[in-house]
Amino acid sequence: MKIHLILNGTPREMKVAPDRRVVDLLREDLGLTGVKEGCGSGECGTCTILVDGEARLSCLLLAAQLDGCRLTTIEGLAQDGRLHPVQQAFIDQGAVQCGYCTPGMILAAVDLLNRQPHPTREAIRVALSGNLCRCTGYQMIVDAVETAARRMREGEDA
Amino acid sequence: MTQVLIPTSLPELWSALREQPSAHLYAGGTDLLVKRRAGLLDPAILIHLGRIDALRGVTADDDGLRLGAGCTHRELLEDAQVRAVLPVLTQALQTLGSPPIRAMGTLGGNLCTASPAGDTLPPLYVLDAEVELWSAGGERRLLLRDFILGPGRTALQSGEILAAVRVRRAPHGSVQHFEKVGLRNALACSLVSLAALVQTNPAGRVKHAAFAWGSVGPTVIRVPEVERHLIGQPLSLSVLSEAAVLARRAVAPIDDLRADADYRRQVAGNLLLRLAETGSAPER
(Lines give C-alpha, C1' and ligand atoms only; values in the text may rest on other atoms or scores of the structure.)
Protein backbone atom coordinates (compact mmCIF):
# COMPACT_ATOMS: atom_id res chain seq x y z
CA MET A 1 0.00 0.00 0.00
CA LYS A 2 0.98 3.61 -0.44
CA ILE A 3 1.27 5.87 2.60
CA HIS A 4 1.99 9.57 2.97
CA LEU A 5 3.84 10.87 5.98
CA ILE A 6 6.17 13.61 7.10
CA LEU A 7 9.39 12.00 8.26
CA ASN A 8 11.78 14.23 10.18
CA GLY A 9 10.31 17.28 8.49
CA THR A 10 10.30 15.90 4.94
CA PRO A 11 7.05 14.88 3.21
CA ARG A 12 7.37 11.33 1.87
CA GLU A 13 5.23 9.02 -0.17
CA MET A 14 6.18 5.39 0.39
CA LYS A 15 5.13 2.00 -0.79
CA VAL A 16 5.05 -0.27 2.25
CA ALA A 17 3.85 -3.66 3.35
CA PRO A 18 0.89 -2.64 5.57
CA ASP A 19 1.89 -5.06 8.33
CA ARG A 20 5.55 -4.02 8.43
CA ARG A 21 6.47 -3.04 11.97
CA VAL A 22 7.41 0.62 12.05
CA VAL A 23 10.69 -0.14 13.82
CA ASP A 24 11.66 -2.39 10.88
CA LEU A 25 10.49 0.15 8.32
CA LEU A 26 12.62 2.86 9.93
CA ARG A 27 15.72 0.80 10.62
CA GLU A 28 15.86 -1.70 7.77
CA ASP A 29 14.15 0.13 4.92
CA LEU A 30 15.09 3.74 5.68
CA GLY A 31 18.41 3.26 7.50
CA LEU A 32 17.32 5.29 10.53
CA THR A 33 19.26 3.11 12.95
CA GLY A 34 19.00 5.65 15.76
CA VAL A 35 15.72 3.87 16.41
CA LYS A 36 16.74 0.88 18.53
CA GLU A 37 14.96 -2.35 19.14
CA GLY A 38 15.22 -3.87 22.60
CA CYS A 39 12.45 -6.21 23.69
CA GLY A 40 10.13 -5.97 20.67
CA SER A 41 7.15 -6.21 23.01
CA GLY A 42 6.60 -2.73 24.42
CA GLU A 43 8.45 -3.20 27.68
CA CYS A 44 11.72 -1.31 27.22
CA GLY A 45 11.08 1.94 25.38
CA THR A 46 14.22 1.87 23.21
CA CYS A 47 12.19 2.00 20.00
CA THR A 48 10.39 5.22 21.05
CA ILE A 49 9.63 7.68 18.25
CA LEU A 50 7.41 10.75 18.13
CA VAL A 51 4.18 10.39 16.16
CA ASP A 52 2.43 13.74 15.74
CA GLY A 53 4.70 14.97 18.54
CA GLU A 54 3.88 12.25 21.07
CA ALA A 55 6.04 9.33 22.19
CA ARG A 56 5.01 6.00 20.68
CA LEU A 57 6.61 2.55 20.58
CA SER A 58 7.60 1.77 17.01
CA CYS A 59 7.68 -1.98 17.72
CA LEU A 60 3.93 -1.87 18.39
CA LEU A 61 2.90 0.14 15.34
CA LEU A 62 2.26 -1.14 11.85
CA ALA A 63 3.25 0.80 8.74
CA ALA A 64 -0.39 1.20 7.66
CA GLN A 65 -1.09 3.19 10.83
CA LEU A 66 1.40 5.89 9.82
CA ASP A 67 -0.57 7.20 6.86
CA GLY A 68 -1.01 10.95 7.31
CA CYS A 69 1.24 11.15 10.38
CA ARG A 70 4.22 13.30 11.26
CA LEU A 71 7.14 11.21 12.52
CA THR A 72 10.26 12.31 14.37
CA THR A 73 13.13 9.98 15.10
CA ILE A 74 16.29 10.91 16.99
CA GLU A 75 17.87 11.73 13.60
CA GLY A 76 15.32 14.50 13.07
CA LEU A 77 15.51 16.19 16.44
CA ALA A 78 18.37 18.62 15.79
CA GLN A 79 17.31 21.78 13.97
CA ASP A 80 19.60 23.70 11.59
CA GLY A 81 22.64 21.82 12.83
CA ARG A 82 21.88 22.60 16.49
CA LEU A 83 21.15 19.82 18.91
CA HIS A 84 17.81 19.84 20.70
CA PRO A 85 18.22 21.14 24.29
CA VAL A 86 17.47 17.65 25.62
CA GLN A 87 20.25 16.15 23.46
CA GLN A 88 22.70 18.84 24.60
CA ALA A 89 21.76 18.32 28.24
CA PHE A 90 22.34 14.55 27.95
CA ILE A 91 25.88 15.29 26.75
CA ASP A 92 26.55 17.95 29.38
CA GLN A 93 25.26 15.83 32.28
CA GLY A 94 26.99 12.63 31.20
CA ALA A 95 23.62 10.92 30.80
CA VAL A 96 24.89 8.52 28.14
CA GLN A 97 26.68 5.30 29.01
CA CYS A 98 26.37 2.54 26.42
CA GLY A 99 23.90 4.75 24.55
CA TYR A 100 21.43 2.10 23.51
CA CYS A 101 18.50 3.53 25.49
CA THR A 102 19.47 7.14 24.77
CA PRO A 103 17.37 7.87 21.64
CA GLY A 104 14.26 6.52 23.32
CA MET A 105 15.01 8.33 26.58
CA ILE A 106 15.55 11.61 24.77
CA LEU A 107 12.36 11.35 22.72
CA ALA A 108 10.31 10.38 25.80
CA ALA A 109 11.79 13.41 27.58
CA VAL A 110 10.97 15.70 24.64
CA ASP A 111 7.36 14.47 24.79
CA LEU A 112 7.25 15.18 28.53
CA LEU A 113 8.69 18.70 28.22
CA ASN A 114 6.31 19.55 25.38
CA ARG A 115 3.39 18.76 27.65
CA GLN A 116 4.85 19.79 31.00
CA PRO A 117 7.58 22.43 30.89
CA HIS A 118 8.06 22.46 34.70
CA PRO A 119 8.26 18.79 35.71
CA THR A 120 9.34 17.77 39.19
CA ARG A 121 12.03 15.09 39.51
CA GLU A 122 9.27 12.65 40.41
CA ALA A 123 7.29 13.60 37.28
CA ILE A 124 10.44 13.03 35.19
CA ARG A 125 10.91 9.60 36.75
CA VAL A 126 7.32 8.66 36.04
CA ALA A 127 7.49 9.97 32.46
CA LEU A 128 10.63 7.90 31.80
CA SER A 129 9.41 4.82 33.64
CA GLY A 130 8.69 3.06 30.35
CA ASN A 131 12.31 3.46 29.22
CA LEU A 132 14.83 1.05 30.67
CA CYS A 133 18.54 1.85 31.00
CA ARG A 134 20.43 -1.38 31.66
CA CYS A 135 23.55 0.59 32.54
CA THR A 136 21.26 1.93 35.31
CA GLY A 137 22.41 5.51 34.71
CA TYR A 138 19.09 6.96 35.76
CA GLN A 139 20.31 9.75 38.07
CA MET A 140 22.20 11.52 35.31
CA ILE A 141 19.33 11.02 32.89
CA VAL A 142 16.92 12.70 35.31
CA ASP A 143 19.54 15.45 35.90
CA ALA A 144 19.75 15.98 32.14
CA VAL A 145 15.99 16.31 31.71
CA GLU A 146 15.87 18.81 34.59
CA THR A 147 18.69 20.78 32.98
CA ALA A 148 16.98 20.73 29.60
CA ALA A 149 13.70 21.88 31.13
CA ARG A 150 15.46 24.82 32.79
CA ARG A 151 17.31 25.79 29.62
CA MET A 152 14.18 25.54 27.50
CA ARG A 153 12.31 27.81 29.90
CA GLU A 154 15.18 30.28 30.03
CA GLY A 155 15.44 30.17 26.23
CA GLU A 156 11.82 31.17 26.02
CA ASP A 157 12.36 34.03 28.47
CA ALA A 158 15.38 35.34 26.55
CA MET B 1 1.55 -10.82 4.65
CA THR B 2 -1.25 -9.55 6.83
CA GLN B 3 -3.69 -7.12 5.31
CA VAL B 4 -4.42 -4.09 7.52
CA LEU B 5 -7.72 -2.26 7.16
CA ILE B 6 -8.17 1.13 8.83
CA PRO B 7 -11.82 2.21 8.73
CA THR B 8 -12.47 5.85 9.62
CA SER B 9 -16.20 5.54 10.29
CA LEU B 10 -18.69 2.99 11.59
CA PRO B 11 -20.21 2.30 8.13
CA GLU B 12 -16.72 1.54 6.84
CA LEU B 13 -16.11 -0.74 9.83
CA TRP B 14 -19.37 -2.66 9.35
CA SER B 15 -18.66 -3.21 5.68
CA ALA B 16 -15.09 -4.37 6.48
CA LEU B 17 -16.45 -6.80 9.07
CA ARG B 18 -19.08 -8.08 6.63
CA GLU B 19 -16.47 -8.75 3.97
CA GLN B 20 -13.85 -10.09 6.38
CA PRO B 21 -15.67 -11.82 9.23
CA SER B 22 -12.51 -13.60 10.38
CA ALA B 23 -10.49 -10.39 10.74
CA HIS B 24 -8.84 -9.65 14.09
CA LEU B 25 -9.63 -6.25 15.58
CA TYR B 26 -7.12 -4.10 17.42
CA ALA B 27 -6.83 -0.55 18.72
CA GLY B 28 -3.60 0.26 20.59
CA GLY B 29 -1.83 -2.90 19.49
CA THR B 30 -0.09 -3.26 22.85
CA ASP B 31 -1.42 -6.77 23.28
CA LEU B 32 -2.33 -8.13 19.85
CA LEU B 33 0.90 -7.08 18.15
CA VAL B 34 2.94 -8.62 20.96
CA LYS B 35 1.11 -11.93 20.55
CA ARG B 36 1.52 -11.74 16.79
CA ARG B 37 5.25 -11.13 17.18
CA ALA B 38 5.50 -14.09 19.56
CA GLY B 39 3.85 -16.31 16.94
CA LEU B 40 0.76 -16.90 19.07
CA LEU B 41 -1.51 -15.69 16.30
CA ASP B 42 -1.12 -15.04 12.61
CA PRO B 43 -4.20 -13.19 11.39
CA ALA B 44 -4.70 -12.88 7.63
CA ILE B 45 -6.53 -9.62 8.12
CA LEU B 46 -6.30 -6.98 10.83
CA ILE B 47 -8.74 -4.14 11.36
CA HIS B 48 -7.33 -1.15 13.24
CA LEU B 49 -9.98 0.73 15.25
CA GLY B 50 -7.87 3.76 16.17
CA ARG B 51 -9.38 6.16 13.65
CA ILE B 52 -13.08 5.83 14.41
CA ASP B 53 -14.10 8.97 16.29
CA ALA B 54 -17.43 7.48 17.42
CA LEU B 55 -15.50 5.14 19.75
CA ARG B 56 -13.71 7.93 21.60
CA GLY B 57 -14.46 10.43 24.30
CA VAL B 58 -15.92 10.56 27.80
CA THR B 59 -19.42 11.91 28.40
CA ALA B 60 -21.26 12.47 31.68
CA ASP B 61 -24.92 12.52 32.60
CA ASP B 62 -26.82 12.42 35.89
CA ASP B 63 -26.37 8.68 36.25
CA GLY B 64 -22.67 8.47 35.59
CA LEU B 65 -20.03 8.34 32.90
CA ARG B 66 -19.83 6.79 29.48
CA LEU B 67 -16.26 5.93 28.50
CA GLY B 68 -15.58 5.36 24.81
CA ALA B 69 -13.83 2.03 24.31
CA GLY B 70 -11.33 3.75 22.03
CA CYS B 71 -10.12 6.09 24.78
CA THR B 72 -6.49 5.49 25.58
CA HIS B 73 -5.52 4.91 29.19
CA ARG B 74 -3.77 8.26 29.17
CA GLU B 75 -6.86 10.08 27.90
CA LEU B 76 -8.86 8.58 30.76
CA LEU B 77 -6.14 9.46 33.28
CA GLU B 78 -6.16 13.07 32.11
CA ASP B 79 -9.95 13.36 32.11
CA ALA B 80 -11.20 15.51 34.99
CA GLN B 81 -14.58 13.74 35.13
CA VAL B 82 -12.98 10.31 35.39
CA ARG B 83 -10.64 11.55 38.14
CA ALA B 84 -13.53 13.08 40.08
CA VAL B 85 -16.11 10.31 39.70
CA LEU B 86 -14.03 7.14 39.33
CA PRO B 87 -10.90 7.51 41.49
CA VAL B 88 -10.60 3.71 41.76
CA LEU B 89 -10.21 3.53 37.98
CA THR B 90 -7.72 6.39 37.97
CA GLN B 91 -5.62 4.65 40.63
CA ALA B 92 -5.56 1.48 38.53
CA LEU B 93 -4.69 3.32 35.32
CA GLN B 94 -1.71 4.93 37.04
CA THR B 95 -0.22 1.47 37.55
CA LEU B 96 -1.04 0.13 34.10
CA GLY B 97 2.00 -0.60 31.92
CA SER B 98 4.11 2.50 31.34
CA PRO B 99 3.57 5.98 29.87
CA PRO B 100 3.92 4.85 26.23
CA ILE B 101 1.70 1.81 26.85
CA ARG B 102 -0.88 4.10 28.46
CA ALA B 103 -0.65 6.46 25.48
CA MET B 104 -1.26 3.63 23.00
CA GLY B 105 -3.40 1.04 24.77
CA THR B 106 -7.15 1.55 25.08
CA LEU B 107 -9.84 0.74 27.61
CA GLY B 108 -11.66 -1.41 25.07
CA GLY B 109 -8.50 -3.33 24.30
CA ASN B 110 -7.79 -3.99 27.97
CA LEU B 111 -11.32 -5.38 28.45
CA CYS B 112 -11.45 -7.43 25.24
CA THR B 113 -8.05 -8.96 26.02
CA ALA B 114 -9.88 -10.30 29.10
CA SER B 115 -6.71 -11.08 31.00
CA PRO B 116 -7.26 -11.85 34.70
CA ALA B 117 -4.37 -9.41 35.23
CA GLY B 118 -5.98 -6.60 33.21
CA ASP B 119 -5.69 -3.54 35.44
CA THR B 120 -8.94 -1.82 34.43
CA LEU B 121 -11.08 -4.87 35.19
CA PRO B 122 -11.23 -4.97 39.02
CA PRO B 123 -12.25 -1.28 39.34
CA LEU B 124 -14.96 -1.68 36.71
CA TYR B 125 -16.23 -4.86 38.42
CA VAL B 126 -16.75 -3.12 41.77
CA LEU B 127 -18.47 -0.25 39.97
CA ASP B 128 -20.86 -2.76 38.29
CA ALA B 129 -19.91 -1.34 34.89
CA GLU B 130 -21.91 -2.19 31.80
CA VAL B 131 -20.49 -2.59 28.31
CA GLU B 132 -22.13 -1.36 25.12
CA LEU B 133 -21.69 -3.81 22.27
CA TRP B 134 -22.38 -2.51 18.79
CA SER B 135 -22.86 -4.33 15.53
CA ALA B 136 -24.23 -3.43 12.11
CA GLY B 137 -27.60 -4.71 13.40
CA GLY B 138 -27.81 -2.64 16.57
CA GLU B 139 -26.69 -2.42 20.15
CA ARG B 140 -26.90 -4.57 23.27
CA ARG B 141 -25.68 -4.07 26.81
CA LEU B 142 -24.17 -6.52 29.26
CA LEU B 143 -22.73 -6.25 32.72
CA LEU B 144 -18.95 -6.35 32.39
CA ARG B 145 -18.83 -9.42 34.62
CA ASP B 146 -21.13 -11.22 32.16
CA PHE B 147 -19.08 -9.97 29.21
CA ILE B 148 -15.85 -11.56 30.46
CA LEU B 149 -16.20 -15.34 30.14
CA GLY B 150 -12.71 -16.58 30.94
CA PRO B 151 -9.05 -15.86 30.32
CA GLY B 152 -8.97 -14.25 26.87
CA ARG B 153 -12.64 -15.01 26.27
CA THR B 154 -15.52 -12.54 26.01
CA ALA B 155 -19.16 -12.58 24.97
CA LEU B 156 -18.35 -10.63 21.79
CA GLN B 157 -20.02 -12.22 18.81
CA SER B 158 -18.81 -12.18 15.23
CA GLY B 159 -19.39 -8.75 13.73
CA GLU B 160 -19.68 -7.11 17.14
CA ILE B 161 -17.40 -4.59 18.82
CA LEU B 162 -17.07 -3.16 22.31
CA ALA B 163 -18.06 0.49 21.85
CA ALA B 164 -18.23 1.95 25.35
CA VAL B 165 -18.32 1.29 29.07
CA ARG B 166 -21.02 2.80 31.28
CA VAL B 167 -20.37 3.40 34.95
CA ARG B 168 -22.79 4.79 37.51
CA ARG B 169 -21.70 7.32 40.10
CA ALA B 170 -20.80 5.76 43.43
CA PRO B 171 -22.82 7.07 46.40
CA HIS B 172 -21.44 10.24 47.93
CA GLY B 173 -18.76 9.58 50.52
CA SER B 174 -17.83 6.14 49.22
CA VAL B 175 -14.25 5.05 49.63
CA GLN B 176 -12.68 3.94 46.36
CA HIS B 177 -9.36 2.15 46.55
CA PHE B 178 -7.08 0.18 44.23
CA GLU B 179 -3.78 -1.49 44.96
CA LYS B 180 -1.64 -3.72 42.80
CA VAL B 181 1.31 -5.83 43.82
CA GLY B 182 3.83 -6.39 41.04
CA LEU B 183 7.49 -7.22 40.74
CA ARG B 184 8.44 -3.60 40.05
CA ASN B 185 6.77 -0.20 39.91
CA ALA B 186 6.45 0.35 36.17
CA LEU B 187 5.74 -2.15 33.40
CA ALA B 188 4.59 -4.69 35.94
CA CYS B 189 2.00 -7.35 35.31
CA SER B 190 -0.04 -7.62 38.49
CA LEU B 191 0.63 -10.59 40.80
CA VAL B 192 -2.45 -9.68 42.79
CA SER B 193 -4.62 -6.59 42.65
CA LEU B 194 -7.61 -5.42 44.62
CA ALA B 195 -10.26 -2.83 43.85
CA ALA B 196 -12.61 -1.75 46.61
CA LEU B 197 -15.74 0.37 46.81
CA VAL B 198 -16.97 0.80 50.37
CA GLN B 199 -19.77 2.97 51.69
CA THR B 200 -20.02 3.63 55.42
CA ASN B 201 -22.67 5.31 57.56
CA PRO B 202 -21.95 8.37 59.73
CA ALA B 203 -20.87 6.08 62.57
CA GLY B 204 -18.22 4.53 60.32
CA ARG B 205 -20.06 1.20 59.89
CA VAL B 206 -20.09 -0.42 56.47
CA LYS B 207 -23.36 -0.03 54.53
CA HIS B 208 -22.18 -1.47 51.24
CA ALA B 209 -18.93 -3.12 50.16
CA ALA B 210 -17.70 -4.40 46.83
CA PHE B 211 -14.29 -5.98 46.29
CA ALA B 212 -12.74 -7.41 43.14
CA TRP B 213 -9.41 -9.21 42.93
CA GLY B 214 -7.25 -9.47 39.81
CA SER B 215 -4.73 -12.20 38.95
CA VAL B 216 -6.00 -14.73 41.48
CA GLY B 217 -8.33 -16.73 39.24
CA PRO B 218 -9.30 -17.27 35.61
CA THR B 219 -11.19 -13.98 35.67
CA VAL B 220 -11.57 -11.16 38.14
CA ILE B 221 -13.00 -12.54 41.39
CA ARG B 222 -15.63 -11.06 43.67
CA VAL B 223 -16.21 -12.72 47.02
CA PRO B 224 -19.75 -12.17 48.32
CA GLU B 225 -18.97 -13.65 51.73
CA VAL B 226 -16.28 -11.02 52.29
CA GLU B 227 -18.69 -8.26 51.27
CA ARG B 228 -21.42 -9.65 53.57
CA HIS B 229 -19.02 -10.10 56.47
CA LEU B 230 -18.26 -6.39 56.56
CA ILE B 231 -21.83 -5.08 56.57
CA GLY B 232 -22.53 -3.25 59.81
CA GLN B 233 -18.90 -3.47 60.92
CA PRO B 234 -16.25 -0.75 61.24
CA LEU B 235 -13.24 -0.94 58.92
CA SER B 236 -10.96 -1.96 61.76
CA LEU B 237 -7.89 -4.11 61.43
CA SER B 238 -9.53 -6.97 63.34
CA VAL B 239 -12.66 -7.00 61.17
CA LEU B 240 -10.58 -6.76 58.00
CA SER B 241 -8.34 -9.58 59.22
CA GLU B 242 -11.38 -11.82 59.55
CA ALA B 243 -12.47 -10.82 56.04
CA ALA B 244 -8.95 -11.55 54.76
CA VAL B 245 -9.28 -15.17 55.91
CA LEU B 246 -12.48 -15.51 53.90
CA ALA B 247 -10.84 -13.90 50.89
CA ARG B 248 -7.84 -16.24 50.98
CA ARG B 249 -10.22 -19.19 51.09
CA ALA B 250 -12.22 -17.96 48.10
CA VAL B 251 -9.56 -16.95 45.59
CA ALA B 252 -8.19 -19.49 43.11
CA PRO B 253 -4.69 -18.44 42.12
CA ILE B 254 -2.17 -20.46 40.12
CA ASP B 255 1.61 -20.80 40.17
CA ASP B 256 3.34 -19.06 37.29
CA LEU B 257 6.72 -17.58 36.54
CA ARG B 258 5.95 -14.42 38.50
CA ALA B 259 4.68 -15.86 41.79
CA ASP B 260 3.32 -19.03 43.32
CA ALA B 261 -0.26 -19.60 44.32
CA ASP B 262 0.33 -19.55 48.09
CA TYR B 263 1.96 -16.14 47.90
CA ARG B 264 -0.90 -14.77 45.81
CA ARG B 265 -3.45 -16.21 48.24
CA GLN B 266 -1.70 -14.61 51.20
CA VAL B 267 -1.42 -11.22 49.49
CA ALA B 268 -5.04 -11.33 48.30
CA GLY B 269 -6.07 -11.24 51.95
CA ASN B 270 -3.38 -8.79 53.03
CA LEU B 271 -4.52 -6.21 50.50
CA LEU B 272 -7.82 -5.88 52.36
CA LEU B 273 -5.99 -4.68 55.47
CA ARG B 274 -5.01 -1.47 53.68
CA LEU B 275 -8.60 -0.32 54.02
CA ALA B 276 -7.98 0.16 57.74
CA GLU B 277 -5.75 3.07 56.64
CA THR B 278 -7.47 4.38 53.52
CA GLY B 279 -11.05 3.42 54.23
CA SER B 280 -11.58 4.79 57.70
CA ALA B 281 -11.98 8.45 56.87
CA PRO B 282 -14.74 8.97 54.34
CA GLU B 283 -16.49 12.31 54.08
CA ARG B 284 -18.85 12.47 57.01
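The structure presented is a predicted model; accordingly, all values stated were derived computationally and were not measured. Letters A, B, ... mirror the listed sequences (proteins, then strands); counts begin at 1.
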* Gap separating the CZ atom of B/R36 from the OH atom of B/Y26, nearest 0.5 angstrom ->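 If I round to the nearest 0.5 Å, the distance is 8.5 Å.
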* To the nearest 0.5 Å, how far apart are SG in A/C69 and CG in A/D52? ->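 So the gap between those two atoms works out to 4.5 Å.
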* To do: Identify which of B/A186, B/P99, B/G28, B/S98 forms the greatest number of heavy-atom pairs closer than 4.5 Å to chain A.
  =>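 Max contact count across the listed options: B/P99.
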Relative to chain B, which segment of [X] carries a heavy atom at a distance below 4.5 Å: side chain, backbone, both, or neither?
X	result
A/N131	neither
A/E54	side chain
A/R125	neither
A/A127	backbone
A/V126	both
A/L61	both

Using 4.0 Å as the upper bound for N to carboxylate O, is an ion pair formed by [Y] and [X]?
X	Y	answer
A/E43	B/R37	no
B/E12	B/R51	no
A/E28	A/R20	no

* Go through A/T120 and A/E122 one step at a time and tell me if the side-chain hydrogen bond (donor to acceptor under 3.5 Å, both in side chains) criterion holds. => CA-CA 5 Å; A/T120 60; A/E122 179 55 24; over 6 Å; no
* Is atom OH of A/Y100 surrounded by more than 12 heavy atoms (other residues, nucleotides or ligands) closer than 6.0 Å? ->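 Yes, OH of A/Y100 has more than 12 neighbouring heavy atoms, counting only those of other groups under 6.0 Å.
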* Asked: So which of A/Q65, A/R21, A/M1 has the largest heavy-atom pair count under 4.5 angstrom toward chain B?
  ->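 Most heavy-atom pairs within the cutoff with chain B belong to A/Q65.
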With a 3.5 Å distance limit and no angle check, can you tell me whether [X] reaches the backbone of [Y] through a side-chain donor-acceptor pair?
X	Y	value
A/D19	B/Q3	no
A/R27	A/T33	yes
B/K180	B/D119	no

* **chain B contact residues among residues 77-98 of chain A, heavy-atom distance under 4.5 Å** =>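 No residue falls under the 4.5 Å cut-off.
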* Which bit of B/L5 comes within less than 4.5 Å of chain A, counting heavy atoms only: side chain, backbone, both or neither? ->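 Neither part, no heavy atoms under 4.5 Å.
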